[in-house]
2 protein chains.
Amino acid sequence: MKIPSSSISRISLYYRALLSVKEASVVSSEEVSLLTGFSAAQVRKDLAYFGQFGTPGRGYSIEILKKELKKILGTDREWDVALVGTGNLGSALLAYKGFKHQGFNIKYAFDNDKKKINKLRQGVRIRPIDDLPQIVRDKKISIAIVAVPQESAKDVIDKLIDSGIKAILNFAPKRSKVPETIELLNIDLSMELERLTYFLQRGQK
Amino acid sequence: MKIPSSSISRISLYYRALLSVKEASVVSSEEVSLLTGFSAAQVRKDLAYFGQFGTPGRGYSIEILKKELKKILGTDREWDVALVGTGNLGSALLAYKGFKHQGFNIKYAFDNDKKKINKLRQGVRIRPIDDLPQIVRDKKISIAIVAVPQESAKDVIDKLIDSGIKAILNFAPKRSKVPETIELLNIDLSMELERLTYFLQRGQK
DNA sequence: TAGATTGTTAATCGATTAACAATC
DNA sequence: TAGATTGTTAATCGATTAACAATC
């Protein structure tokens with residue numbers, strides 16, 4: 001069955017919403033709807049893609065649902081992450097508490113600036129990009145975050161893929177073609193701002 | 001006519017693609033398709049939402065199309081932006097060259113950490129959040145970037161809206177309800193990483 | 001004119017919503 | 001049992017793709 005990718009994003013948000021429920025052990029799709037702003041039908045549909053987690057007439061056990069959602073998202077375990085690029089943005093991501101909190105450990109950091117090599121940042125030693133293939137392979141890293149300047153993005157992404165990386169979160173404003181077996185997710189900050197100015201420019205939604 | 005919001009994102013990418021064309025003065029939708037990976041029909045459709053910019057049999061004049069796309073996106077002018085939160089992420093955004101390059105000037109920065117107040121960062125003076133309403137109003141700022149911790153996000157966003165802000169790019173992993181007249185765009189980094197682990201966890205697209 | 005390519009309409013595809021039988 | 005709420009099917013809505021007449 002084909003699962004819309006927007007459904008996955010919503011499941012992340014359902015999970016967060018559940019964390020905020022303190023006073024109950026069961027929620028209905030209607031209550032999740034209230035908490036997240038998505039329709040109750042949408043909530044039930046999204047959950048139903050992955051199994052039958054609820055009890056008709058009662059709702060969903062929060063404990064069980066949290067466990068199941070974590071399993072779906074793959075966050076029922078910790079993930080080691082490689083960061084490429086330790087400029088302003090890379091450093092900010094390295095320091096970002098939210099990642100560790102969700103089980104993402106940026107354990108390896110790479111840069112090609114000689115002055116940074118072997119420096120510690122947030123307890124992580126910065127390594128030369130030349131060391132990337134060996135580390136990714138030896139440590140079996142699946143996830144990389146790319147925060148390098150536009151002009152190096154393609155090379156870095158190619159190198160990551162050659163080294164066996166499986167999933168990439170890319171902040172460089174440059175789209176690369178990747179094989180179908182690799183998941184590449186682009187976050188393009190200027191593009192997002194342009195969605196805002198589009199809205200401002202035309203004066204309404 | 002209803003314009004899909006994904007169309008706006010694509011228009012940003014068409015614009016970028018046009019910047020990379022050096023050897024021609026005209027492009028066809030087929031060529032834009034090759035450059036961006038979207039279908040030629042999609043390209044024509046997206047452009048047709050906004051006008052008739054092409055010439056049948058010839059294609060689109062690159063010069064004209066670039067100008068029109070800028071107009072659509074509202075990037076035919078510069079925008080002053082207010083940044084709230086100058087922690088790691090906020091500072092990285094302040095230093096990000098890409099924004100200025102696209103005509104976004106982060107001209108005002110706010111924080112509630114007394115030690116930071118009045119310090120210069122990237123040439124921008126950090127002001128107390130208490131000064132925010134007056135500055136936003138007096139300087140007629142339309143766009144704010146919110147990079148504060150989760151727990152302050154709601155207050156900051158409410159304060160921005162009360163002060164007359166029109167559009168918000170929010171990096172706090174916390175969704176706020178805003179009036180319909182305000183454009184709120186959330187970038188949730190952990191959610192994006194969870195889309196990657198979902199993919200890894202289930203082993204295929 | 002013949003060839004190329006737009007702008008637009010119609011067809012298809014996919015995602016969301018509504019409805020409701022099943023069931024606790 | 002009566003009331004509540006799930007899981008699922010069918011209906012609707014919206015976005016993408018295909019097709020082609022218009023036109024340079």
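So you know, we letter chains A, B, ... as the sequences are listed, proteins then strands, and number each from 1.
- Using modelled atom types and a 3.5 Å distance limit, the side chains of A/S91 and A/R121 yield a donor-acceptor pair.
- Distance from the side chain of B/P56 is smallest to D/dT23 among D/dG7, D/dT23, C/dT23.
- Remark: side-chain polar atoms of A/K116 are paired, donor with acceptor, to backbone N or O of A/T86 under 3.5 angstrom.
- Nearest approach of B/T75 to A/E194, heavy atoms of both residues: CG2-CG, 3.7 Å.
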Quick one: do B/L193 and A/Q102 satisfy side chain to side chain contact (heavy atoms under 4.5 Å, CB included)? Show the steps, please. CA-CA 9 Å; B/L193 275 180; A/Q102 306 278 127; over 6 Å; no

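- For the OP1/OP2 pair of D/dT16 and a distance below 4.0 Å, the side-chain nitrogens and oxygens of B/S6 include at least one atom meeting the criterion.
- We find that CZ of B/F53 is positioned 11 Å from P of C/dT8, with the value rounded to whole Å.
- With hydrogens and angles ignored, the 3.5 Å screen pairs no side-chain donor or acceptor of B/N186 with any backbone N or O of B/R175.
- Residue-to-nucleotide proximity on DNA chain C shows that, of A/G57 and A/Q42, the 5′-proximal contact is made by A/Q42.
- Spacing between atom CD of A/Q52 and atom P of D/dT6 amounts to 13 Å, rounded to whole angstrom units.
- One can place CZ of A/R44 at 16 Å from P of C/dT23, the figure rounded to the nearest angstrom.
- Salt bridge present: A/D158 and A/K154 bring a charged side-chain N and a carboxylate O closer than 4.0 Å.
- Applying the side-chain hydrogen bond (donor to acceptor under 3.5 Å, both in side chains) test to every pair with at least one member in residues 128-144 of chain B, sequence neighbours left out, gives these pairs: B/Q134-B/D138.
- At whole-Å resolution of the value, CZ in B/F38 and P in D/dT16 are 9 Å apart.
- Counting to the nearest Å, the P atom of C/dG14 and the CE atom of A/M1 are 15 Å from each other.
- Out of C/dA15, D/dG7, D/dT9, the shortest distance to the side chain of A/K2 is found at C/dA15.
- Residues A/T55 and B/D46 each lie close to DNA chain D; by heavy-atom proximity, the contact nearer the 5' end of the strand is made by A/T55.
- Nearest heavy atoms, A/I135 versus A/Y108: CG2-CD2, 3.7 Å.
- Distance from the side chain of B/K45 is smallest to C/dT9 among C/dT9, D/dC20, D/dG7.
- Residues of residues 16-34 of chain B that place a heavy atom closer than 4.0 Å to DNA chain D do not occur.
- Whole-Å rounding puts the B/Y49 OH to D/dT16 P distance at 7 Å.
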Given Watson-Crick and G-U pairs under 3.5 Å, DNA chain C in dot-bracket ([ ] crossing, | other strand) is ..||||||||||||||||||||||

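- Among C/dA18, D/dT16, D/dA18, the nucleotide with an atom closest to any side-chain atom of A/A41 is C/dA18.
- In this structure, the OH atom of B/Y60 is 17 Å from the P atom of C/dA4, given to the nearest Å.
- Among the heavy atoms of the strands lying under 4.0 Å from B/R58 are primed sugar atoms or P, OP1, OP2 only; no base atom is included.
- Here D/dT8 is the nucleotide among C/dT16, D/dT17, D/dT8 with the atom lying nearest to any side-chain atom of A/A48.
- With respect to the salt-bridge test (charged N to carboxylate O, under 4.0 angstrom), the residues B/R16 and A/D188 qualify.
- Atoms CD1 (B/I3) and P (D/dC13) sit 20 Å apart, rounded to a whole Å.
- Shown here for A/Y49 and A/K2, the closest heavy-atom pair between the two residues is CE2-O, 4.1 Å.
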